[in-house]
Amino acid sequence: MGNSIQTDFFIKDLNKFNYLKIKNLLPEHVNLLAVSKGCNSNVIEELHSLGQNDFGESRFQEAFTKKIFKEKNKDIRLHFIGRIQTNKIRKIVQNFDFIHSVDSYEKLVKISRIANELNRNPILMIQVKLADDPEKGGMTENELINKWDEIIQISGIKVNGLMTINPKGLTSKENLSLFKKCKSIADSLSLEHCSMGMSQDWNEAVEAGSTWIRLGSLIFK
Ligand SMILES: *Cc1c(COP(=O)(O)O)cnc(C)c1O
């Protein structure tokens, strides 16, 4: 197996000071997702012992090397935030409680089929692409609006929110404006959640109404 991943590859440490500081600053309706890619199980456990229960992973193979996946702990919620490969959907639905990064109607249909079959009910968010960014996937606003009537008819699942990733290098004002756009689309579709804001732009995301900020580099060093 050429692509197996060694656990000692994950070298990041917890930045406890930043974690506790941000945790204290966040309004109550904003959830903090700890993006634990690059962290090994010890670091995840250390953060869990501080009361952090939501962990996000973006790389499927990496995620499954970790203890939180091997030994299911009831108070830990696992979030998938990476690009979804169609042939991994079954494992994702089986193992994750939240899927933030559903980037097409077709994948949503497949997720629903498998969720029904496995009797799983993941919290689902649709990834939207609100600015041109060749590196990022997601439905455009138009695609989402045009498909919405079909999306709400997919059986056995419920879309709970939207997720977005802003392009790198934007000004604070530009970030804020894209996040407000995401929030307004979510509101227009009566969706509860907006998964938006990362280490560089979480302040703007909170200001715009984020309910899930996804932090990696700010809380792990
Ligand atoms: C890695 C990652 C994050 C965390 O990014 P930081 O800038 O390190 O906070 C958030 N969301 C997604 C989808 C990611 O892949």
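If you're wondering where the values come from, they're calculated on a predicted model, not measured in any experiment. Any value given below was found using the heavy atoms of this structure, including those in side chains, with hydrogens, waters and symmetry copies removed. First listed ligand is number 1; within each ligand, the first listed atom is number 1.
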Which protein N or O atoms sit under 3.5 Å from any N or O of ligand 1? Give atom names and distances.
unit_1: ligand 1; atom_1: 8 (O); unit_2: Ser217; atom_2: N; d: 2.8
unit_1: ligand 1; atom_1: 8 (O); unit_2: Ser217; atom_2: OG; d: 2.9
unit_1: ligand 1; atom_1: 9 (O); unit_2: Ser199; atom_2: N; d: 3.0
unit_1: ligand 1; atom_1: 9 (O); unit_2: Ser199; atom_2: OG; d: 2.5
unit_1: ligand 1; atom_1: 9 (O); unit_2: Gly216; atom_2: N; d: 2.7
unit_1: ligand 1; atom_1: 11 (N); unit_2: Arg214; atom_2: NE; d: 2.9
unit_1: ligand 1; atom_1: 15 (O); unit_2: Lys37; atom_2: NZ; d: 2.7

Take Ser172 and Glu204 through the test side chain to side chain donor-acceptor pair (under 3.5 Å) and record every step on the way to the result. CA-CA 7 Å; Ser172 171; Glu204 292 85 351; 2.7 Å; yes
Evaluate side chain to side chain donor-acceptor pair (under 3.5 Å) for His193 paired with Asn31, printing each intermediate quantity in order. CA-CA 10 Å; His193 286 292; Asn31 301 285; 4.8 Å; no
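Ring-centre distance between Phe69 and Phe96: below the 6.0 Å cut-off.
Note on Lys37 versus Glu62: no salt bridge recorded, every NZ/NE/NH1/NH2 to OD/OE distance being 4.0 Å or above.
Trp212 belongs to a hydrophobic cluster whose other members, connected by ILVMFWY side-chain contacts under 4.5 Å either directly or through intermediates, are Leu33, Val35, Ile81, Phe98, Ile123, Met125, Met163, Ile165, Met198.
Classification of the His100-His79 ring pair by plane angle, with boundaries at 30° and 60°, yields tilted.
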